Amino acid sequence: MNLDNCPRCGKLFAKNFRDVCPACMREIDKEYELCANYLREFRGSIITEVSDATGVSIKQITKFIREGRISIMNAPNMSYPCESCGTLIRDNQLCDNCRNRIEKDKKQMFQDISRKEDLKSAYKQTGVYKGLERYNDK
């Protein structure tokens with residue numbers, strides 16, 4: 001039996017299939033019911049309106065959406081924040097700008113690595129001191 005502290009309330013609990021204690025799980029289920037009922041009534045609402053009306057944090061509502069418990073297919077205005085910049089998005093973890101920036105940074109990093117390896121191989125072939133030999137005569 002694995003014991004762990006609940007990340008939500010800090011109480012010690014027997015960790016089975018869930019990451020939170022049973023009391024917090026019941027609380028999360030109640031929060032889900034509040035959000036789902038609100039969205040059934042107000043389909044065109046945005047995430048901040050749901051959070052303000054129900055008292056459920058935007059982080060928890062985002063978690064419901066990512067878990068698939070709340071579908072945003074029938075909620076045209078519903079979106080959640082990008083994990084990097086906070087821009088509201090409707091799918092994936094990151095917005096297009098952050099995804100493009102990371103892809104560009106990755107490409108730049110591989111180019112830098114390739115350039116450094118080229119420099120290393122150039123020094124190995126000619127040697128560092130070989131370039132200095134031309135100054136020995138002067």
Side-chain angles (χ1 to χ4, degrees):
M1 175 184 297
N2 292 334
L3 294 177
D4 201 357
N5 288 338
C6 176
R8 197 170 158 116
C9 69
K11 291 182 183 174
L12 192 65
F13 75 106
K15 190 174 184 177
N16 292 326
F17 303 107
R18 306 203 181 214
D19 293 335
V20 294
C21 70
C24 286
M25 196 63 226
R26 283 190 294 273
E27 190 175 315
I28 289 171
D29 287 341
K30 286 179 185 174
E31 290 176 351
Y32 166 72
E33 286 295 324
L34 284 171
C35 292
N37 290 338
Y38 184 83
L39 284 171
R40 280 186 203 112
E41 193 172 337
F42 303 101
R43 289 188 186 269
S45 58
I46 61 174
I47 195 166
T48 53
E49 292 172 346
V50 176
S51 177
D52 291 343
T54 61
V56 179
S57 68
I58 290 176
K59 183 179 177 185
Q60 185 62 48
I61 296 169
T62 301
K63 194 171 181 182
F64 290 146
I65 294 170
R66 289 199 175 123
E67 290 173 350
R69 294 178 77 180
I70 291 178
S71 174
I72 58 174
M73 295 290 287
N74 297 326
N77 297 331
M78 191 67 150
S79 53
Y80 53 91
C82 167
E83 287 188 0
S84 179
C85 68
T87 301
L88 294 177
I89 56 176
R90 287 187 55 87
D91 57 349
N92 297 323
Q93 308 286 327
L94 300 171
C95 67
D96 289 340
N97 289 338
C98 290
R99 220 174 316 136
N100 290 337
R101 180 179 44 82
I102 289 172
E103 194 65 35
K104 182 180 169 188
D105 290 348
K106 183 179 93 178
K107 189 176 180 180
Q108 181 67 40
M109 182 187 74
F110 284 127
Q111 287 176 347
D112 288 347
I113 289 172
S114 174
R115 196 171 352 156
K116 284 180 183 177
E117 288 178 2
D118 289 345
L119 285 173
K120 280 183 182 178
S121 65
Y123 281 123
K124 283 181 182 176
Q125 291 174 351
T126 60
V128 174
Y129 297 108
K130 192 170 187 176
L132 295 176
E133 290 175 359
R134 65 181 166 183
Y135 296 109
N136 288 341
D137 297 338
K138 294 181 182 178

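Everything numeric here is computed off the predicted structure, so don't read it as measured data.
Atoms CZ and SG, from Arg26 and Cys21 in turn, are 8.0 Å apart once rounded to the nearest 0.5 Å. Between the OG1 atom in Thr54 and the NZ atom in Lys30 there is a gap of 14.5 Å [rounded to 0.5 Å]. Atom CG in Leu94 sits 10.5 Å away from atom OG1 in Thr87 (nearest 0.5 Å). Within the model, atoms SG of Cys24 and NZ of Lys11 stand 7.5 Å from one another, a figure rounded to the nearest 0.5 Å.
Two residues are said to be in side-chain contact when any heavy atoms from C-beta on lie closer than 4.5 Å; Val20 and Ile28 meet this criterion. A heavy-atom distance below 4.5 Å is found between the side chains of Asn37 and Glu33. Contact check for Leu88 versus Pro81: side-chain heavy atoms found under the 4.5 Å cut-off. Counting only heavy atoms from C-beta outward, the side chains of Asn97 and Cys85 never approach each other to under 4.5 Å. Two residues are said to be in side-chain contact when any heavy atoms from C-beta on lie closer than 4.5 Å; Glu27 and Gln60 fail this criterion. In this structure the side chain of Glu31 never reaches within 4.5 angstrom of the side chain of Lys63, judged on heavy atoms.
A single hydrophobic cluster is not seen to contain both Ile61 and Leu34; linkage of ILVMFWY side chains at heavy-atom distances under 4.5 Å, directly or through other members, places them apart. Linking ILVMFWY residues whenever their side-chain heavy atoms come closer than 4.5 Å, directly or via other members, places Ile65 and Ile89 in the same cluster. By the rule that hydrophobic residues join a cluster once side-chain heavy atoms approach within less than 4.5 Å of another member, Met25 and Ile70 end up as members of one cluster.
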Return all side-chain donor-acceptor pairs below 3.5 angstrom for residues 41-53, not counting sequence neighbours, or 'none' if the list is empty.
from, atom 1, to, atom 2, distance (Å)
Ser45, OG, Phe42, O, 2.9
Glu49, OE1, Ile46, N, 3.1
Ser51, OG, Val56, O, 2.7

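Residues in residues 97-114 take part in these salt bridge (charged side-chain N to carboxylate O under 4.0 Å, His left out) pairs, two or more places apart or across chains: Asp96-Arg99, Glu103-Lys106, Asp112-Arg115. Each ring pair (Phe, Tyr, Trp, His ring centres under 6.0 Å) pair with one or both residues in residues 55-114, not counting sequence neighbours, appears once here: Tyr32-Phe64.
A salt bridge links Asp29 to Arg69: at least one charged side-chain nitrogen sits closer than 4.0 Å to a carboxylate oxygen.
Heavy atoms of other residues, nucleotides or ligands lying less than 6.0 angstrom from CZ of Arg18 number 12 at most. More than 12 heavy atoms of other residues, nucleotides or ligands lie within 6.0 Å of CE in Met109, so this atom counts as buried by the packing criterion.
Pairing each heavy atom of Ile72 with each of Met78, the nearest pair is CG2-CG, 3.5 Å.
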Given the rule in the side chain to side chain contact (heavy atoms under 4.5 Å, CB included) test, do Leu3 and Phe13 qualify, once you have shown the distances and angles that lead to the verdict? CA-CA 6 Å; Leu3 294 177; Phe13 75 106; over 6 Å; no
